[in-house]
Amino acid sequence: MTEPLSMNRIIHSAVRRDVMRTEQALRTMADGDRARAEQVRGAWRNLVRELTHHHEAEDANIWPFLERRGYDHAMLADMEAEHAAMKHALAAASSAIDSVVATPSAAQAATAAQAVAACSEVVESHLVHEERDLEPIAAALEDDPEWKEMAKKLRPASIVDAANSLAWMQDGAGERERSSLRSHVPGPVVSLLTLLLARRYRREVAPAWR
């Protein structure tokens with residue numbers, strides 16, 4: 001039986017999926033389709049919001065925890081530097097997508113798609129680095145009481161935010177990701193939260209991918 005994905009890997013899968021979907025949507029956008037441009041921008045902003053929360057939680061909690069435990073300072077410094085580089089790349093792509101909404105043309109969308117592709121390279125480099133070097137550390141610490149307590153701080157700020165995050169992680173996900181998510185959060189809880197509270201995702205994000 002395949003080992004379930006970690007929550008970190010599920011988030012990474014959602015990030016990769018939405019970067020790809022955004023680039024593809026921009027490359028196929030027609031001239032003058034402002035409504036479509038606004039949909040794609042809403043989905044992109046959601047991705048940036050989710051990724052920013054994920055990284056801010058790591059910066060504020062995981063890196064200091066690992067520093068206290070004596071883990072490789074250089075690796076942790078590299079992780080923080082990669083977060084800064086990703087923030088810059090995400091901002092550049094966001095600005096390009098804003099330009100598509102202001103001037104909805106196929107040419108402007110193609111330029112934005114290039115910005116998203118460039119951002120994708122920065123994002124992928126970091127995700128691979130984290131999966132290679134951080135995940136083995138996290139796996140070794142999963143039974144550590146202090147690590148478990150620290151991990152609680154990585155959760156969304158509210159139950160509504162949690163519901164929207166769960167909806168985002170599931171939308172367009174493969175069966176392995178969905179099955180793994182249910183191993184971390186009971187299936188009935190996922191279903192109930194997304195049904196009742198994930199209104200922002202259904203209204204602002206999901207239409208871009210329908």
Side-chain angles (χ1 to χ4, degrees), residues 5 9-56 82-128 156-178 181 190-191 193-210:
L5 298 170
R9 282 290 180 114
I10 296 169
I11 292 170
H12 285 191
S13 292
V15 170
R16 289 177 168 118
R17 178 201 67 220
D18 276 12
V19 170
M20 180 182 68
R21 293 199 294 194
T22 302
E23 183 182 351
Q24 290 175 340
L26 289 166
R27 292 198 184 280
T28 58
M29 195 168 294
D31 283 327
D33 196 346
R34 177 170 280 109
R36 177 66 175 145
E38 289 175 344
Q39 284 184 332
V40 173
R41 180 171 68 176
W44 178 258
R45 285 178 172 176
N46 183 76
L47 167 62
V48 172
R49 182 166 53 236
E50 292 287 350
L51 194 50
T52 298
H53 167 77
H54 183 57
H55 286 162
E56 287 178 348
E82 289 168 5
H83 282 185
M86 289 174 67
K87 185 176 181 179
H88 178 77
L90 289 165
S94 295
S95 178
I97 294 171
D98 286 343
S99 295
V100 181
V101 174
T103 309
S105 68
Q108 194 73 50
T111 299
Q114 291 174 354
V116 172
C119 180
S120 178
E121 292 183 10
V122 177
V123 169
E124 182 63 20
S125 177
H126 172 69
L127 297 186
V128 169
S158 72
I159 193 169
V160 171
D161 288 337
N164 283 293
S165 292
L166 289 169
W168 168 67
M169 284 186 269
Q170 293 180 88
D171 189 11
E175 181 52 38
R176 187 181 181 198
E177 284 77 10
R178 287 173 174 269
L181 182 60
V190 173
S191 298
L193 286 181
T194 54
L195 177 66
L196 297 179
L197 298 176
R199 298 186 183 95
R200 186 183 71 209
Y201 189 86
R202 290 196 298 272
R203 182 179 65 250
E204 299 177 9
V205 184
W209 313 130
R210 300 292 178 262

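Heads up: numbering here begins at 1 and tracks the sequence. Every value quoted in this text rests on a predicted model; they were computed, and no experiment measured them.
- Of the possible donor and acceptor atoms, none in the side chain of R16 sits under 3.5 Å from a partner among the backbone N and O of L127.
- Considering all non-hydrogen atoms of both residues, A92 and A115 come closest at O-CB, 4.5 Å.
- With values rounded to the nearest 0.5 angstrom, I11 atom CD1 is found 9.5 Å from L181 atom CG.
- Residues W168 and N46 come closest through the heavy atom pair CD1-ND2, 3.4 Å.
- Residues T194 and S191 share a closest heavy-atom pair of OG1-O, 3.2 Å.
- Listed here is the closest heavy atom pair of G42 and V205: O-CG2, 4.1 Å.
- Evaluation of the ring-ring contact (aromatic ring centres under 6.0 Å, His included) rule for H53 yields no partner, not counting sequence neighbours.
- The heavy-atom pair separating A208 from R36 by the smallest distance is O-NH1, 2.7 Å.
- Looking at residues two or more places apart in sequence or on another chain, you find a side-chain contact (heavy atoms from CB on, under 4.5 Å) between S105 and D31, A107, Q108.
- Side-chain N or O atoms of T28 include one that pairs as donor or acceptor with a backbone N or O of A25 at under 3.5 Å.
- Every residue two or more places apart in sequence or in another chain that forms a side-chain contact (heavy atoms from CB on, under 4.5 Å) with A173 is listed here: R17, E177, R178.
- No salt bridge links D161 with R49; every basic N to acidic carboxylate O contact stays at or beyond 4.0 Å.
- The backbone N or O of V160 sits less than 3.5 Å from a side-chain atom of N164, completing a donor-acceptor pair.
- Side chains of Y201 and D171: a donor-acceptor N/O pair is present below 3.5 angstrom, by distance only.
- Residue pairs meeting the ring pair (Phe, Tyr, Trp, His ring centres under 6.0 Å) criterion with at least one member in residues 98-126, sequence neighbours excluded, are H55-H126, H83-H126.
- Partners of I159 according to the side-chain contact (heavy atoms from CB on, under 4.5 Å) rule, which considers only residues two or more places apart in sequence or in another chain, are L193, L197.
- Rounded to the nearest 0.5 Å, atoms NE2 (H12) and CE (M169) are 12.0 Å apart.
- Between the side chain of S94 and the main chain of L90, a donor-acceptor pair closer than 3.5 Å is present.
- Judged purely by atom type and a 3.5 angstrom limit, R200 has no side-chain atom pairing as donor or acceptor with the backbone of A163.
- To the nearest 0.5 Å, the span separating OG1 on T22 from CZ on R45 amounts to 12.5 Å.
- Note: Q114 CD to S120 OG = 13.5 Å, rounded to the nearest 0.5 Å.
- For R34 (side chain) and A102 (main-chain N/O), a donor-acceptor pair under 3.5 Å exists by modelled atom type.
- How far OG of S125 is from CD of E82: 5.5 Å, rounded to the nearest 0.5 Å.
- Donor-acceptor pairing under 3.5 Å is lacking for the side chains of D18 and W44.
- Judged as a side-chain contact (heavy atoms from CB on, under 4.5 Å), and not counting sequence neighbours, the contacts of A117 are E23, R27.
- Distance CD/E204 to CZ/R41: 11.5 Å, rounded to 0.5 Å.
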